[in-house]
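One-based numbering, in listed order, for ligands and for the atoms of each.
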Amino acid sequence: MDLLEKISEELQKGNYQELPKLVQEALSLKIPPSKILSHGLVAGMDVVGGKFRRDELFMPEVLVSAKAMQMGMDVLRPKLVESGVKLAGKILIGTVKDDLHDIGKNLVGMLLEGAGYQVIDLGIDVSPEKFVEEVKAKKPEMVGMSALLTTTMPKMKEVVESLVESGLRSRVKVIVGGAPVTEKFAQDIGADGYAPDAASAVEKARKLIGSYTGKQA
Ligand code: B1M
């Protein structure tokens, strides 16, 4: 098995002690950082995401793999930046106003990062004004909102409306998710997509804003 396959395998096993060392080893062997990301880390996280969606893996296992991914990324990120690699796109995520649930949103963020996106997490209880302000400032390609309460779902609509009012709607794609959210609700509020789980959020992002290519910025 080559080193990149090993990185992918160990990530799938959630071996967060070994992963930074393996990434370091790959860098020492002068394997391009973009290749370590796409053929090692992203490839491994894709397998994890697929298994999670098919209920072959459960959340604790995904979280350990995501931790391994993040530890590998900590070693790789400076080298990616140095080599001028363009990440797949910038995505702002947040749990909507008055909603404090963040476990699912964090998982979505981890898998998106695992797929090579730059994720900016605005946290929980994020107001429509804050979403708009951050879209203006950070210029993401996509905004992802999470809501776990039926009472906070309408905030998603408010965010879409605020984006329209501020003239930013056409510049960003919007996806929504969370246990009470449905495809129909997403359509009704004018979002571009709905994802029932974290792995589907990655698929949706790939469809809406493209995937990681390893190209220079
Ligand atoms: Co609360 N809570 N909670 N809670 N809580 C629920 C959601 C509830 C269904 C429990 C119940 O009554 N059976 C219920 C909501 C009912 C409703 O409105 N339909 C509920 C309630 C009522 C409340 C309070 C009001 C309780 C109270 O105080 N009386 C209160 C509200 C606080 C607030 O937000 N203002 C409250 C508080 C809390 C805790 C703080 C104690 C805690 C949250 C801790 C935290 O998140 N840091 C909590 C928890 C843990 C839950 C349950 C038990 C678990 C939620 C969870 O993390 N699931 C939940 C009951 C349940 O679901 N069994 C419940 C695991 C997580 C991985 O799944 O978040 O669905 P989920 O995310 C999935 C998908 O939905 C999707 O992908 C994820 C992974 O595959 N997804 C996205 C999520 N976001 C996405 C975004 C995307 C795409 C996909 O694109 C951007």
Using distance alone, determine whether [X] and ligand 1 share an N or O pair under 3.5 Å.
{"X": "D197", "answer": "no"}
{"X": "L100", "answer": "yes"}
{"X": "A179", "answer": "yes"}
{"X": "T150", "answer": "yes"}

Is it true that [X] and [Y] make a salt bridge, defined as a side-chain N closer than 4.0 Å to a carboxylate O?
{"X": "R77", "Y": "E113", "value": "yes"}
{"X": "K6", "Y": "D2", "value": "no"}
{"X": "E203", "Y": "R206", "value": "no"}
{"X": "D192", "Y": "R169", "value": "yes"}
{"X": "K136", "Y": "E133", "value": "no"}
{"X": "K130", "Y": "E134", "value": "yes"}
{"X": "D99", "Y": "K105", "value": "no"}
{"X": "D197", "Y": "R53", "value": "no"}

For [atom], is the nearest protein heavy atom closer than 4.0 Å?
{"atom": "atom 17 (C) of ligand 1", "result": "yes"}
{"atom": "atom 43 (C) of ligand 1", "result": "yes"}
{"atom": "atom 87 (C) of ligand 1", "result": "yes"}
{"atom": "atom 76 (C) of ligand 1", "result": "yes"}
{"atom": "atom 26 (C) of ligand 1", "result": "no"}
{"atom": "atom 90 (O) of ligand 1", "result": "yes"}
{"atom": "atom 48 (C) of ligand 1", "result": "yes"}
{"atom": "atom 58 (N) of ligand 1", "result": "no"}

Verify side-chain contact (heavy atoms from CB on, under 4.5 Å) between M145 and V174, making sure each step is shown before the conclusion.
-> CA-CA 8 Å; M145 288 181 268; V174 176; 3.6 Å; yes
Numbered atoms and elements of ligand 1 in range of M145, under 4.0 angstrom, heavy atoms |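 Ligand 1 atoms under the 4.0 Å threshold to M145: 86 (C), 90 (O), 91 (C).
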Under 4.0 Å from a heavy atom of D99: give me the atoms of ligand 1 that qualify, with their elements.
->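 Answer for ligand 1: 34 (O).
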Rounded to the nearest 0.5 Å, what separation is found between the OG atom of S200 and the CZ atom of F52?
->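 Atom-to-atom, S200:OG and F52:CZ are 9.5 Å apart.
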Kindly compute the distance separating CE (M142) from NZ (K90), expressed to the nearest 0.5 Å.
->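 That separation rounds to 14.0 Å.
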Around atom NZ of K157, are there more than 12 heavy atoms of other residues, nucleotides or ligands at under 6.0 Å?
->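 Open: at most 12 neighbouring heavy atoms sit under 6.0 Å from NZ of K157.
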Do other residues, nucleotides or ligands put more than 12 heavy atoms under 6.0 Å from Y16 OH?
->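 Check fails, neighbour count at 12 or below.
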To check your reading of the model: name the closest protein heavy atom to [atom], its residue, and the distance in Å.
{"atom": "atom 14 (C) of ligand 1", "value": "L149 CD2, 4.2 Å"}
{"atom": "atom 84 (N) of ligand 1", "value": "S146 OG, 2.7 Å"}
{"atom": "atom 9 (C) of ligand 1", "value": "L148 O, 4.9 Å"}
{"atom": "atom 80 (O) of ligand 1", "value": "A198 N, 3.1 Å"}
{"atom": "atom 1 (Co) of ligand 1", "value": "H101 NE2, 2.2 Å"}

Under 4.0 Å from ligand 1, counting heavy atoms only, is it the side chain of [X], its backbone, both or neither?
{"X": "M59", "value": "side chain"}
{"X": "A195", "value": "both"}
{"X": "F52", "value": "side chain"}
{"X": "I103", "value": "both"}
{"X": "L107", "value": "side chain"}

Counting heavy atoms only, which of [options] is nearest [atom]?
{"atom": "atom 81 (N) of ligand 1", "options": "P196, G193, G178", "result": "G178"}
{"atom": "atom 35 (N) of ligand 1", "options": "L111, D102, D98", "result": "D98"}
{"atom": "atom 72 (O) of ligand 1", "options": "G94, G104, G144", "result": "G104"}

So which of V143, D121, I120 actually passes side-chain contact (heavy atoms from CB on, under 4.5 Å) with I93?
->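 So, applying the side-chain contact (heavy atoms from CB on, under 4.5 Å) to I93 and each of V143, D121, I120, only D121 qualifies.
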Heavy-atom side-chain contact between L76 and L37 under 4.5 Å =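 Touching, per the 4.5 Å side-chain cut-off.
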Any sub-3.5 Å donor-acceptor pair from Q12's side-chain atoms to S8's backbone N or O?
->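 Checking the backbone N and O of S8 against the side chain of Q12, a donor-acceptor pair under 3.5 Å is found.
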